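Quick caveat: nothing in here was measured; it's all calculated off a predicted structure. In what follows, chains are A, B, ... by sequence order, proteins preceding strands, each numbered from 1.
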Protein chains: 2
Amino acid sequence: MSSADLKKVGLKVTLPRLKVLEILEQEGEEHHLTAEDVYKILIEQGEEVGLATVYRVLTQFEQAGIVRRLNFENNISVFELDTGDNHDHLVCVKTGRVKEFVDPIIEERIKEIAKEKGYELSAHSLVIYGTLKDDLK
Amino acid sequence: MSSADLKKVGLKVTLPRLKVLEILEQEGEEHHLTAEDVYKILIEQGEEVGLATVYRVLTQFEQAGIVRRLNFENNISVFELDTGDNHDHLVCVKTGRVKEFVDPIIEERIKEIAKEKGYELSAHSLVIYGTLKDDLK
DNA sequence: GTACTTGCAAAGGATTTGCAGTCCG
DNA sequence: CGGACTGCAAATCCTTTGCAAGTAC
């Protein structure tokens, strides 16, 4: 993910955009960040950005298909790089930690259900909430 | 669903509560209402309630297990009576219409996945987005 | 009566927008 | 340069809260 990718989707290569991308890449699979999280990291790194810019950049990335926006229970959005594998999420209700998974059986059933009911499938969102047993103490 | 049910969960039987229940019942399976929707219906019916009360009542109902609160893509909450069948939802991206379904295979897989990953399952949320073919025009 | 409820207005948190200045290409 | 981009502050949207008055039991 680099400046070339930004150009490809018609976005100018600017510092805020590169930095946001960088952060999302570093955080990797285990982290799913709030716009505010991204903003705080930027500030910690000494960058001068506004929270509004972070929101704008993330929204643009979402529209460009670079980023996925997820809405968990609490009605707050978290963002992750869109790796194209279309995975789902498992959220620990105790720690908030997020794990990703892909399940072909569910994937398949979702397609069938859409078909059965006469819908042209466009997307789905599956979140499993539970307590990671190690976290039960 | 009646005044007896309210008492059972420790809520006093008041007009706003009865009216909200009534509306949720009338709307039935096809409708999933926002707090604002419920409020508007109440106003149309000539009831004198505040939007805040609607939110409070719905939240109390949710905690009492009478109502389910769902969060679809846009970060706004919709409410439905909790019939206890733990169904999932299919949303038409064109009209916003919501259809319910229960799929034992998916249900089963979700349990297995939670187990595999070492989680104690507490809930899940599955929403399928698509276009109802009849709506394609 | 008294604790639970309510309506209203004000507060709150997350996200968006208006605008003047700044920067990429 | 010129349009795209940014930071800041103000605005917006949905939802919650504080408080004084009202109501169920």
Side-chain angles (χ1 to χ4, degrees), chain A residues 2-23 32-64 66-79 96, chain B residues 2-23 32-64 66-79 96:
Chain A
S2 66
S3 47
D5 299 288
L6 286 179
K7 281 186 189 142
K8 210 184 307 171
V9 296
L11 293 173
K12 282 188 177 167
V13 179
T14 66
L15 205 65
R17 285 179 182 155
L18 287 173
K19 286 291 172 190
V20 170
L21 266 188
E22 195 181 297
I23 289 172
H32 294 73
L33 305 173
T34 278
E36 185 104 31
D37 290 337
V38 174
Y39 173 68
K40 281 187 189 143
I41 294 174
L42 283 168
I43 296 302
E44 275 170 26
Q45 295 183 353
E47 297 299 332
E48 293 215 338
V49 279
L51 178 54
T53 301
V54 174
Y55 273 105
R56 270 186 293 230
V57 168
L58 286 170
T59 303
Q60 291 157 347
F61 284 1
E62 187 195 4
Q63 285 161 357
I66 298 173
V67 155
R68 284 218 291 170
R69 175 191 217 122
L70 311 169
N71 301 301
F72 295 152
E73 290 278 90
N74 31 224
N75 270 358
I76 108 166
S77 302
V78 294
F79 298 85
Chain B
S2 66
S3 48
D5 299 289
L6 287 180
K7 282 186 187 139
K8 208 184 310 170
V9 297
L11 293 172
K12 282 188 176 164
V13 179
T14 65
L15 205 66
R17 285 177 182 155
L18 287 174
K19 285 292 172 190
V20 170
L21 266 187
E22 194 182 295
I23 288 171
H32 294 73
L33 305 174
T34 63
E36 184 103 31
D37 290 337
V38 173
Y39 172 68
K40 281 189 188 142
I41 294 175
L42 284 169
I43 296 301
E44 274 170 26
Q45 296 184 353
E47 298 299 332
E48 293 216 337
V49 280
L51 177 55
T53 300
V54 174
Y55 273 105
R56 270 186 296 232
V57 168
L58 287 171
T59 303
Q60 292 157 348
F61 285 1
E62 187 195 2
Q63 285 160 359
I66 299 173
V67 154
R68 285 215 294 167
R69 174 192 215 118
L70 312 169
N71 301 300
F72 295 153
E73 290 278 88
N74 32 224
N75 271 358
I76 109 164
S77 302
V78 295
F79 299 84

Let me check something: any side-chain donor-acceptor pairs from residues 44-51 of chain A under 3.5 Å, sequence neighbours excluded? List them with distances.
none

side-chain contact (heavy atoms from CB on, under 4.5 Å) involving B:Val13 - partner list, sequence neighbours excluded: B:Ser3, B:Leu6, B:Lys7, B:Leu18
Check side-chain hydrogen bond (donor to acceptor under 3.5 Å, both in side chains) between A:Lys12 and all other residues, then give those that pass, not counting sequence neighbours. none
side-chain contact (heavy atoms from CB on, under 4.5 Å) against A:Val78, all qualifying residues, sequence neighbours excluded: A:His32, A:Thr34, A:Leu70, A:Phe72
Using a cut-off of strictly less than 4.0 Å between a heavy atom of the residue and any atom of DNA chain D, enumerate the qualifying residues of residues 42-49 of chain A by number. A:Glu48, A:Val49
When the axes are fitted on five pairs at both termini, how much does the helix from C:dG1-D:dC25 to C:dG25-D:dC1 curve, in 10° steps? 30°
Would you give the length of the straight line joining atom CZ of B:Arg68 to atom OG of B:Ser77, rounded to the nearest 0.5 angstrom? 13.0 Å
Chain A contact limits on DNA chain C, taken 5' to 3' with a cut-off of 4.0 angstrom to heavy atoms: C:dA14 to C:dG25
Any Lys/Arg nitrogen of A:Asp5 or A:Lys8 sitting under 4.0 Å from an Asp/Glu carboxylate oxygen of the other? yes
Taking the side chain as everything from C-beta on, heavy atoms only, tell me whether A:Val54 gets closer than 4.5 Å to A:Leu58. yes
Residue pair A:Phe61 / A:Leu21, side-chain heavy-atom distance below 4.5 Å: yes
Salt bridge (charged side-chain N to carboxylate O under 4.0 Å, His left out) with B:Glu22: which residues, sequence neighbours excluded? B:Lys19
Considering only residues two or more places apart or on different chains, which pairs with a residue in residues 53-64 of chain A satisfy side chain to side chain donor-acceptor pair (under 3.5 Å)? A:Arg17-A:Gln60, A:Glu62-A:Arg69
Going 5' to 3' through nucleotides 10-21 of chain D, assign each nucleotide B (protein heavy atom under 4.0 Å from a base atom), S (under 4.0 Å only from sugar-phosphate atoms) or - (no protein heavy atom that close). ----SBBBB---
Do any N or O atoms of the protein come closer than 3.5 Å to N or O atoms of nucleotides 1-4 of chain D, and which pairs are they?
unit_1: D:dA4; atom_1: O4'; unit_2: A:Lys12; atom_2: NZ; d: 3.1

With a 4.5 Å heavy-atom cut-off, do B:Ile23 and B:Ile41 have their side chains touching? yes
